[in-house]
Amino acid sequence: MAKEITSRKEDYSQWYNDLVLKSGLADYSPVRGCMVIKPYGFGIWEKMQAALDKRFKETGHVNAYFPLLIPKSFLSKEAAHVEGFAKECAVVTHYRLKNDPNGKGIIVDPEAKLEEELIIRPTSETIIWNQYKNWIQSYRDLPLLINQWANVVRWEMRTRLFLRTAEFLWQEGHTAHATAQEAVEETERMLDVYANFVEEYLALPVIRGRKSPNERFAGAVETYCIEAMMQDGLALQAGTSHFLGQNFAKAFDVQFLNKEGKQEYVWATSWGVSTRLVGALIMAHSDDEGLVLPPKLAPLQVVIVPIHKGEEDLNKLRDKLLPLITELKARGITVKLDDDDTKRPGFKFAEYEMRGVPIRLAMGMRDYEANTVEVARRDKKEKGTVSFDGIADHIAALLDDIQSNMYKTALAFRDSHIRKADTWEEFQKLIEEPGFISAHWDGTSETEEKIKELTKATIRCIPLDNPQEDGKCIFSGAASKERVIFARAY
RNA sequence: CGGGGUGUAGCGCAGCCCGGUUAGCGCACCUGCUUUGGGAGCAGGGGGUCCCAAGUUCGAAUCUUGGUACCCCGACCA
């Protein structure tokens with residue numbers, strides 16, 4: 001094999017890296033922790049963007065853009081916020097370079113030191129709320145529902161392609177409301193948007209929940225999240241939606257005059273998903289042969305490989321296939337006829353399997369004569385020969401089937417890897433196996449921290465539609481009303 | 001920031017211990033011919049600051065010292 005992918009069993013991390021690099025999604029960049037997103041990877045992100053952006057607009061939001069650089073002083077205005085982000089900020093201190101007077105190369109000009117250092121945004125709450133102060137005076141200015149697509153930088157100690165890069169692309173919604181209830185509703189609405197999107201497009205089931213206080217966003221009153229399970233049983237936070245209370249309004253003094261003519265602080269939310277979703281997509285579905293992409297996000301949904309001897313045969317095949325290609329395109333299906341004569345069919349098969357193209361059609365002269373075509377689906381690695389008549393309908397149906405089959409497979413995997421633990425002994429044993437644990441917790445940070453210290457497991461979330469039941473905390477034995485989800489996480 | 005590993009052609013590696021022709025192999029790339037139903041064959045060809053710096057030496061990819069980058073594991077985090 002030309003491009004060997006490490007098997008999942010041998011080395012899961014290496015498998016993931018091989019997949020990303022060899023399928024052409026991304027490259028390492030010269031800067032630690034940063035990555036180049038290549039056209040194929042960016043194509044997936046663009047599809048995610050398009051679907052999400054549509055949903056944001058449908059729920060009343062508009063896009064805007066706020067600057068990359070934030071005055072250092074802004075970060076310190078909200079105490080919990082600075083506490084959470086201070087350790088991972090990239091700082092701009094100078095604005096000019098010059099030739100090194102002592103030799104070759106270039107140095108930072110010490111004369112060009114900034115009066116106030118600038119922070120490269122790790123998130124934009126501060127710069128946005130500084131602006132909202134000027135935009136909001138009356139209840140008539142509310143709600144303010146703004147989203148931005150942007151890049152942010154968090155100087156992480158350890159990075160991983162897509163899952164945790166120093167710079168990443170995301171969207172961040174920042175809304176302002178007149179009442180707490182309205183803001184909470186917005187927080188929950190956007191969590192739902194995320195959950196539905198991930199389940200429908202990424203074919204990945206998620207658990208909707210609230211974070212424990214320990215895991216809350218820096219500056220939030222309540223953090224909602226969606227948690228997904230990867231193939232190795234680890235949890236991945238796929239999106240977050242925060243109810244920020246009046247924390248940022250108070251920090252940036254954003255008040256409005258209500259209907260009764262009284263000044264009140266504005267209620268806020270923020271919510272985001274990032275290019276990490278591309279990582280989730282890869283890790284959730286792919287196999288040892290390469291990527292497995294759900295049709296709704298695959299940059300290329302159908303590839304057609306002609307098998308022929310000589311130009312004359314190829315022309316015959318082209319003539320037969322062209323109407324199909326036209327029809328598929330008319331249905332909004334992305335399709336490519338790979339008639340590159342410098343590569344042989346076997347090579348192409350392997351290549352498109354590695355790149356996760358959901359459907360591959362192959363037609364040789366045998367099929368041509370018999371009016372058939374070979375159809376291969378990537379998700380189940382099945383192939384068969386079907387009649388060429390009505391093939392467009394067959395493909396459209398098959399794409400739907402692949403999308404739903406991938407979801408079902410992921411759902412079955414996840415559900416079979418969530419186990420209940422009712423004693424500490426049971427918990428310790430189960431946490432060594434892949435998957436999530438559903439267990440009672442006494443609600444205290446001390447217990448959560450102790451469990452994390454002993455097992456590396458954290459509370460991923462307190463599920464939203466959680467059945468209430470009497471129980472005892474797995475660790476302390478104190479009374480508990482509901483189970484929470486524990487897992488080791490990315 | 002601690003532990004481990006690796007820097008030699010676009011990618012993957014050998015050579016280093018024991019210094020010595022023109023630094024080698026596989027894949028990829030280019031040209032030609034034959035091929036094309038699961039990663040083609042033959043022939044010819046191009047491509048190298050051997051991570052950087054200093055040192056030892058007649059001579060360094062190889063030895064010494066210092067630096068640096070990246071990957072993996074952990075602590076931190078979306």
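For clarity, every value in this text was computed on a predicted model and none was experimentally measured. Chain identifiers are assigned alphabetically (A, B, ...) following the order of the sequence lines, protein sequences preceding nucleic acid strands; residue numbering begins at 1 within each chain.
If you measure from atom NE2 of A:H308 to atom P of B:U35, you get 13 Å, rounded to the nearest angstrom. Atom CD in A:E88 sits about 6 Å away from atom C1' in B:C77, given to the nearest Å. One interatomic measurement links the two molecules: NZ of A:K452 to C1' of B:C77, which rounds to 9 Å at whole-angstrom precision. With rounding to whole Å, A:M35 atom CE is found 13 Å from B:A78 atom C1'. Following rounding to the nearest Å, A:D18 (CG) and B:C11 (P) show an atom-to-atom distance of 14 Å. The distance from atom CZ of A:F217 to atom P of B:C76 is 19 Å, rounded to the nearest whole Å. If you measure from atom CZ of A:F168 to atom P of B:A78, you get 9 Å, rounded to the nearest angstrom.
Without hydrogens or angle criteria, A:K38 side chain to A:D27 main chain gives no donor-acceptor distance under 3.5 Å. Judged purely by atom type and a 3.5 angstrom limit, A:K320 has no side-chain atom pairing as donor or acceptor with the backbone of A:M363.
A distance of about 16 Å separates the C1' atoms of B:G47 and B:G26, rounded to the whole Å. Atom name P, nucleotides B:A43 and B:U56: the rounded distance is 49 Å, in whole Å. For B:C17 and B:U62, the P atoms lie 9 Å apart once the distance is rounded to whole Å. Comparing the P positions of B:A14 and B:U8 gives an interatomic distance of 11 Å, to the nearest angstrom. Only the C1' atoms considered, B:C11 is 16 Å distant from B:C71, to the nearest whole Å. The same atom, C1', is picked in B:C1 and in B:A61; the two are 32 Å apart, to the nearest Å.
Ranked by how close their nearest RNA chain B nucleotide is to the 5' end, A:T385 and A:R276 are led by A:T385. Nearest-nucleotide positions on RNA chain B place A:F349 closer to the 5' end than the other of A:F349 and A:A238.
For the pair A:R414 and A:F436, the NZ or CZ position fails the cation-pi test of under 6.0 Å to the six-membered ring centre and within 45 degrees of the ring normal.
Aromatic pair A:W129/A:H81: ring centres not closer than 6.0 Å.
At the phosphate of B:G37, OP1 or OP2 sits under 4.0 Å from a side-chain N or O atom of A:R344.
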Give me, pair by pair, the N or O atoms of the protein and of nucleotides 67-72 of chain B that are less than 3.5 Å apart, along with how far apart they are.
unit_1: B:C70; atom_1: OP1; unit_2: A:R32; atom_2: N; d: 2.9
unit_1: B:C72; atom_1: OP1; unit_2: A:N17; atom_2: ND2; d: 2.9

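A:E351 contributes no side-chain N or O that forms a donor-acceptor pair with the base of B:G38 under 3.5 Å. Taking only distance into account, the side chain of A:K383 meets the base of B:G38 through a donor-acceptor pair shorter than 3.5 Å.
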